[in-house]
Amino acid sequence: YQGFGLRFRSDLRLSGLARAAQGPVDLRILVGTRARDAVEATGVAPMDLAGASPGCWCFRVPDLCDYLICRGEEIHLSPLPGAQDPHVALYLMGSALGMILHQRGLFALHAATVALGDTAIAFVGDQGAGKSTLAMEMALAGHRVLGDDVVVVSHGAGRLMAEPGVTQFKLWYESIDALDLTPGPGVANRIAKFYVDNPSQEPVGPHPLGAIVELARGPAESEITAARIGRFDALDLVARHTYRPAYIDLLDRRAAHFTQSAALVSDLAIWRLTRPEGLAHLAATRAWLVENWPILIGRAE
């Protein structure tokens with residue numbers, strides 16, 4: 001597979017990622033007993049993270065799988081018998097991948113990322129802000145999605161680039177119903193979300209990142225508005241929406257992460273988009289974004 005600016009090989013079948021040709025890999029995902037051995041040796045409490053050995057961290061998801069993440073190069077999985085691949089993949093492509101990205105010094109945002117023309121925008125927001133739902137609304141209208149949950153921001157050709165990740169969506173049932181979609185498998189037994197495939201199956205490559213837009217909700221009858229965020233407030237926004245920010249201090253990356261964040265807010269427009277509460281306004285929000293995309297990415301005359 002390829003995604004997040006990495007090439008990797010996985011013993012576990014994954015959905016929503018581009019396939020890569022055979023060749024050198026950056027990351028290996030291996031199924032075996034090493035993760036279980038590490039978890040049992042550390043005695044880590046369920047859903048906690050523990051250092052297993054230099055450069056390696058482990059955690060246990062009860063009744064599902066043990067995970068061991070090492071040196072930015074390997075993720076070991078020890079699933080329980082009967083564990084469903086989509087449930088194992090939820091934590092693999094979440095907490096485990098987040099540790100890999102931080103170990104490799106990559107900058108990742110908790111964002112849904114959409115491209116219009118040749119430039120992408122990363123939509124961030126608190127849980128329930130509607131990032132994935134808005135991205136799906138845009139995907140249904142033919143716009144390209146680079147990722148539903150995580151975007152890695154890299155430097156390429158003298159500018160910031162958004163690296164494609166997992167493009168399979170995780171949506172609440174209310175969003176699925178509002179968009180007239182068919183739910184796929186449940187994301188996890190304890191979460192009322194469902195996997196939904198990206199309507200476009202075409203591979204998507206890296207795109208220049210033009211802006212970060214934080215989604216906020218206003219009153220039901222309010223207008224759609226966008227306000228540019230100043231640099232100091234933008235630094236706070238980027239810190240809040242960094243993917244798995246707790247790992248920054250665990251890996252002693254505070255100074256490096258600040259440098260990356262400062263470079264990001266220096267080169268990008270950061271906005272707060274306020275739109276009416278409720279799913280009935282999705283189409284209007286999409287239309288507003290399409291009309292104002294040049295302004296958001298700084299290309300309006």
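Residue numbers run from 1 in the order of the sequence given. Values below: all heavy atoms of this structure, side chains included; hydrogens, waters and symmetry mates excluded. What you are looking at is a predicted structure, and each value in this text was computed from that prediction instead of being measured.
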Tell me, with the steps shown, if Arg28 and Glu74 meet salt bridge (Lys or Arg N to Asp or Glu O under 4.0 Å).
-> CA-CA 5 Å; Arg28 289 176 173 81; Glu74 296 179 348; over 6 Å; no

Report the C-alpha distance between Gln260 and Arg253 in whole Å, list the side-chain angles of each, state the deciding distance to 0.1 Å, and finish with yes or no for side-chain hydrogen bond (donor to acceptor under 3.5 Å, both in side chains).
-> CA-CA 10 Å; Gln260 290 174 318; Arg253 293 197 64 242; 3.0 Å; yes

Residue pair Tyr243, His102: steps toward the ring-ring contact (aromatic ring centres under 6.0 Å, His included) verdict = CA-CA 9 Å; Tyr243 195 67; His102 280 287; 8.0 Å; no

Derivation and outcome, side-chain hydrogen bond (donor to acceptor under 3.5 Å, both in side chains), residues Thr119 and His207 = CA-CA 6 Å; Thr119 305; His207 279 62; over 6 Å; no

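We find the NE2-SG distance between His76 and Cys56 to be 7.0 Å, quoted to the nearest 0.5 Å. The CE atom of Met136 sits 15.0 Å away from atom NZ of Lys131, with the distance rounded to the nearest 0.5 Å.
Linking Ile, Leu, Val, Met, Phe, Trp and Tyr whenever their side-chain heavy atoms come within less than 4.5 Å puts Leu97 and Leu250 in one cluster. If you chain together hydrophobic residues whose side chains sit under 4.5 Å apart, Ile248 and Leu264 never meet in one group. Residues Leu251 and Leu6 share a single hydrophobic cluster, defined by chaining ILVMFWY side chains whose heavy atoms lie under 4.5 Å apart. Following chains of ILVMFWY side-chain contacts shorter than 4.5 Å, one can reach Ile29 starting from Phe4, so the two form part of one hydrophobic cluster. One hydrophobic cluster holds both Tyr173 and Leu181 under the rule that ILVMFWY side chains link at heavy-atom gaps under 4.5 Å.
Counted within 6.0 Å of CD on Glu223, heavy atoms from surrounding residues, nucleotides or ligands total 12 or fewer; the atom is thus considered open. Within 6.0 Å of CG on Asp48 lie more than 12 heavy atoms contributed by other residues, nucleotides or ligands.
Residue Pro62 comes nearest to Met47 through the heavy atom pair CD-SD, 3.7 Å, listed as atom of the first residue, atom of the second, then distance. The two residues Ile270 and Ala234 come nearest to each other via the heavy atoms CG1-CB, 3.8 Å. Residues Ser95 and Tyr247 approach most closely at O-OH, 3.2 Å, considering heavy atoms. The shortest non-hydrogen separation linking Cys65 to Leu77 is SG-CB, 4.1 Å. Annotation for Cys58 and Ala52: closest pair SG-CB, 4.1 Å, computed over non-hydrogen atoms. Among all heavy-atom pairs drawn from Trp271 and Ala226, the shortest one is CE3-CB, 3.9 Å.
Salt-bridge annotation for Arg254 and Asp249: present, with a side-chain N of the basic residue lying under 4.0 Å from a carboxylate O of the acidic one. For Arg272 and Glu214, the salt-bridge test passes: some basic side-chain N is under 4.0 Å from an acidic carboxylate O. Ionic pairing of Asp66 and Arg60 is present here: one or more N-O contacts between side-chain nitrogen and carboxylate oxygen are shorter than 4.0 angstrom.
Side chain of Arg104 to backbone of Gly72: a donor-acceptor contact under 3.5 angstrom is found. A donor-acceptor pair under 3.5 Å is formed between the side chain of Gln103 and the backbone N or O of Gly55.
No option in Ile176, Asp148, Asp149, Leu179 other than Asp148 meets the side chain to side chain contact (heavy atoms under 4.5 Å, CB included) test with Phe169.
Arg19 forms a cation-pi arrangement with Tyr1, by the criterion of a distance under 6.0 Å to the ring centre and an angle within 45° of the ring axis.
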